[in-house]
Amino acid sequence: MSAGPGAKGERCYDWAGALLPVVEERDGDKPTRRRWMLARRSINDPEDIAYFLASAPPDATLTDLARIAGCRWKIEECFQSAKNKCGLDEYEVRRYTGWYRHITLAMLAHAFLASIAAQEHERGAPATTRPISWTSHQPGLGQVPESCGWVGP
């Protein structure tokens, strides 16, 4: 089955899945979700096996779970983009509140930038190869712009 489209076409794997038994203390008398154990094996390299634990609605199929497991790459790409463009991984905090604020603001900034990029794309604006930052035109530390009229020592 396919885990969805990738950069080189469909990502096809061998899949196996097993429903895990209902645990009354955890799932209640009538569970609203079922737990699955999934295994994904590469067709090209049978030794390459990935395992997943999933929680899904009772009517979910193995095909549904394979498709959802394939979405993991989109989420990882989103986090990588947020790290590169918005400093998601640049926090230096000691408490949960500071970490939570940093993560929230970084993800909000990433969502804002994605929204602006989508609007520009809809208007037909050409895509830039690198983001332009307001700091890219600012003088570095120890430099003074010539427009200030200040001459150094």
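Excluded from the calculations below are hydrogen atoms, water molecules and symmetry mates; all remaining heavy atoms, backbone and side chain alike, are included. The structure displayed is predicted, hence computed values, not measured ones. In this chain, residues are counted from 1 in sequence order.
- Hydrophobic clustering (ILVMFWY, side-chain heavy atoms < 4.5 Å, transitive): Leu19 and Leu62 are in one cluster.
- No more than 12 heavy-atom neighbours from other residues, nucleotides or ligands sit within 6.0 angstrom of CD on Glu92.
- In this structure, Tyr13 OH and Asn44 CG are separated by 9.0 Å, a value rounded to the nearest 0.5 Å.
- Here the CG atom belonging to Leu38 is positioned 11.0 Å from the CD1 atom belonging to Ile68, to the nearest 0.5 angstrom.
- The OH atom of Tyr100 lies 15.0 Å from the OH atom of Tyr91; values are rounded to the nearest 0.5 Å.
- Residue Ile43 comes nearest to Cys12 through the heavy atom pair CD1-O, 3.6 Å, listed as atom of the first residue, atom of the second, then distance.
- In this structure, Leu113 CG and Cys86 SG are separated by 5.0 Å, a value rounded to the nearest 0.5 Å.
- Looking at heavy atoms from C-beta onward, His110 lies in side-chain contact with Ser81 at the 4.5 angstrom threshold.
- Take Arg123 and apply the salt bridge (charged side-chain N to carboxylate O under 4.0 Å, His left out) test, not counting sequence neighbours, and it matches Glu120.
- Expressed to the nearest 0.5 Å, how far CZ of Arg95 lies from CZ of Arg101 amounts to 12.5 Å.
- Across Ala54 and Leu65, no two heavy atoms sit closer than the pair CB-CD2, 4.1 Å.
- Ala60 approaches Trp36 most closely through the heavy-atom pair O-CZ2, 3.6 Å.
- Under a 3.5 Å cut-off, the side chain of Arg34 and the backbone N or O of Leu20 do form a donor-acceptor pair.
- For Ser115 (side chain) and Ala111 (main-chain N/O), no donor-acceptor pair under 3.5 Å exists by modelled atom type.
- The two atoms that bring Gly87 and His102 nearest to each other are O-NE2, 3.0 Å, heavy atoms only.
- Taking the side chain as every heavy atom from C-beta outward, Arg40 and Asp14 never approach each other to under 4.5 Å.
- Within the 4.5 Å cutoff, side-chain heavy atoms of Pro57 are placed close to those of Arg33.
- Linking Ile, Leu, Val, Met, Phe, Trp and Tyr residues whenever their side-chain heavy atoms come within less than 4.5 Å places Leu88 and Tyr96 in a single cluster.
- Considering only residues two or more places apart in sequence or on other chains, Phe79 meets the ring pair (Phe, Tyr, Trp, His ring centres under 6.0 Å) condition with none of them.
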Using the side-chain contact (heavy atoms from CB on, under 4.5 Å) rule, take Arg35 and Leu53 through it: C-alpha gap first, then chi angles, then the decisive distance, then the call.
CA-CA 7 Å; Arg35 292 176 293 131; Leu53 288 176; over 6 Å; no
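- Although no hydrogens or angles enter the test, the distance criterion places a donor-acceptor pair under 3.5 Å between the side chain of Asp64 and the main chain of Thr61.
- With hydrophobic clusters built from ILVMFWY side chains whose heavy atoms lie under 4.5 angstrom apart, Phe112 does not share a cluster with Ile103.
- Of the possible polar contacts, none joining the Arg41 side chain to the Glu47 backbone as a donor-acceptor pair under 3.5 Å is found.
- Taken together through direct or relayed side-chain contacts under 4.5 Å among Ile, Leu, Val, Met, Phe, Trp and Tyr, Ile116 and Leu105 form parts of separate hydrophobic clusters.
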